[in-house]
Q: 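Below are the structure tokens for one structure; questions will follow.
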Amino acid sequence: QVQLAESGGGKVQAGGSLRLSCAASGLTFGYYTMGWFRQAPGKEREFVAAITPSGGSTYYADSVKGRFTISRDNAKNTVYLQMNSLKPEDTAVYYCAARFSSGGYYDPAGYDYWGQGTQVTVSS
């Protein structure tokens, strides 16, 4: 059974930082592209960042480019999202996801497995 477990969410003031982690089990982690998505109340789930299986390529939404960094440790079956210079508009539930197929990293429909999400709240 595949499980993705996010952690590291919380409340922070604007300009602060948080580091999210997502621990994976039940899958061959090194074969999967990992992504982070977020969903704010009343809005659709949106792409945040993705990283290829080897970690050699990363992709970011324009809204987080230069502020967020995605990374992975295949030995620990874990993907991270370092979030700096947080803004109130970053407030959302953040989800990690895994996809086996390549390409289309921005589309949530292409991901095979999802975590339960972790809340990030940024106050002004």
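In this text, all values refer to a predicted model and were calculated from it rather than measured experimentally.
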Q: Should Val64 and Leu18 be regarded as members of a common hydrophobic cluster, given that ILVMFWY residues are connected when their side-chain heavy atoms come within less than 4.5 Å of each other, either directly or indirectly?
A: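 Yes; Leu18 is reachable from Val64 via cluster members.
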Q: Could you report the tightest heavy-atom contact between Ala49 and Leu81, atom names first, then the distance?
A: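 That closest heavy-atom pairing would be CB-CD1, 4.2 Å.
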Q: Phe100, Ile51: one ILVMFWY side-chain cluster at the under-4.5 Å cut-off?
A: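 Yes, Phe100 connects to Ile51 through the hydrophobic network.
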Q: What pair of heavy atoms forms the shortest contact from Val2 to Gly26, and how long is it?
A: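 The pair with the smallest heavy-atom distance is CG2-O, 3.4 Å.
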Q: Tell me, which pairs form a side chain to side chain donor-acceptor pair (under 3.5 Å) where one or both residues lie in residues 87-97, sequence neighbours left out?
A: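 Counting only pairs at least two positions apart or across chains, the side chain to side chain donor-acceptor pair (under 3.5 Å) contacts touching residues 87-97 are Arg38-Asp90, Arg38-Tyr94, Arg67-Asp90.
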Q: Is the ring centre of Phe37 less than 6.0 Å from the ring centre of Tyr111?
A: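 For Phe37 and Tyr111, the ring centres are under 6.0 Å apart.
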Q: Looking only at atom types and distance, does a side-chain atom of Thr52 sit under 3.5 Å from a main-chain N or O of Ser57, one as donor and one as acceptor?
A: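 Answer holds: yes.
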Q: Quick check against the 3.5 Å criterion: does Glu6 have a side-chain atom that pairs as donor or acceptor with the backbone of Leu20?
A: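 Such a contact is absent between Glu6 side chain and Leu20 backbone.
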Q: Can you name the closest pair of heavy atoms from Ala23 and Thr78 and give their distance?
A: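 Minimum heavy-atom separation between Ala23 and Thr78: CA-OG1, 4.1 Å.
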Q: Show the nearest heavy-atom pair for residues Asn77 and Phe29, with the distance to one decimal.
A: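 Distance-wise, the nearest heavy atoms are OD1-CB, 3.4 Å.
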Q: If only atom types and distance count, is the side chain of Tyr60 paired as donor or acceptor with the main-chain N or O of Ile70 below 3.5 Å?
A: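 Side chain of Tyr60 to backbone of Ile70, a donor-acceptor pair under 3.5 Å: yes, one is there.
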Q: Could you tell me which non-hydrogen atom of Gly110 sits nearest to which non-hydrogen atom of Ser101, and how far apart they are?
A: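 Distance-wise, the nearest heavy atoms are O-OG, 4.3 Å.
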Q: Out of curiosity, does Tyr80 fall in the hydrophobic cluster containing Val93 (side-chain heavy atoms, cut-off under 4.5 Å, transitive links)?
A: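 No, because Val93 and Tyr80 fall into different hydrophobic clusters, even though each may have its own neighbours under 4.5 Å.
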Q: Tell me if the CD atom of Gln119 is crowded by more than 12 foreign heavy atoms within 6.0 Å.
A: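 Above 12, so yes.
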Q: Please list all pairs meeting side chain to side chain donor-acceptor pair (under 3.5 Å) that have one or both residues in residues 11-24, counting only residues at least two apart or in different chains.
A: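 Checked against side chain to side chain donor-acceptor pair (under 3.5 Å) - neighbours excluded - the pairs reaching residues 11-24 are Ser17-Asn84.
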Q: Measure across Pro88 and Ser123 and return the closest heavy-atom pair with its distance rounded to 0.1 Å.
A: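 Closest heavy-atom pair between Pro88 and Ser123: CG-C, 4.5 Å.
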Q: Donor-acceptor pair, Asn74 side chain versus Ser54 backbone, under 3.5 Å?
A: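 Not a single qualifying donor-acceptor pair exists.
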Q: Between Trp36 and Met83, is any pair of side-chain heavy atoms under 4.5 Å apart?
A: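 No, too far: nothing below the 4.5 Å cut-off.
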Q: With clusters defined by side-chain heavy atoms of hydrophobic residues (ILVMFWY) lying less than 4.5 Å apart, directly or transitively, does Val79 cluster with Leu27?
A: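 Leu27 clusters together with Val79.
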Q: According to a hydrophobic-cluster definition based on side-chain heavy atoms being under 4.5 Å apart (Ile, Leu, Val, Met, Phe, Trp, Tyr only), do Tyr59 and Phe68 belong together?
A: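 No, Tyr59 and Phe68 fall in different hydrophobic clusters.
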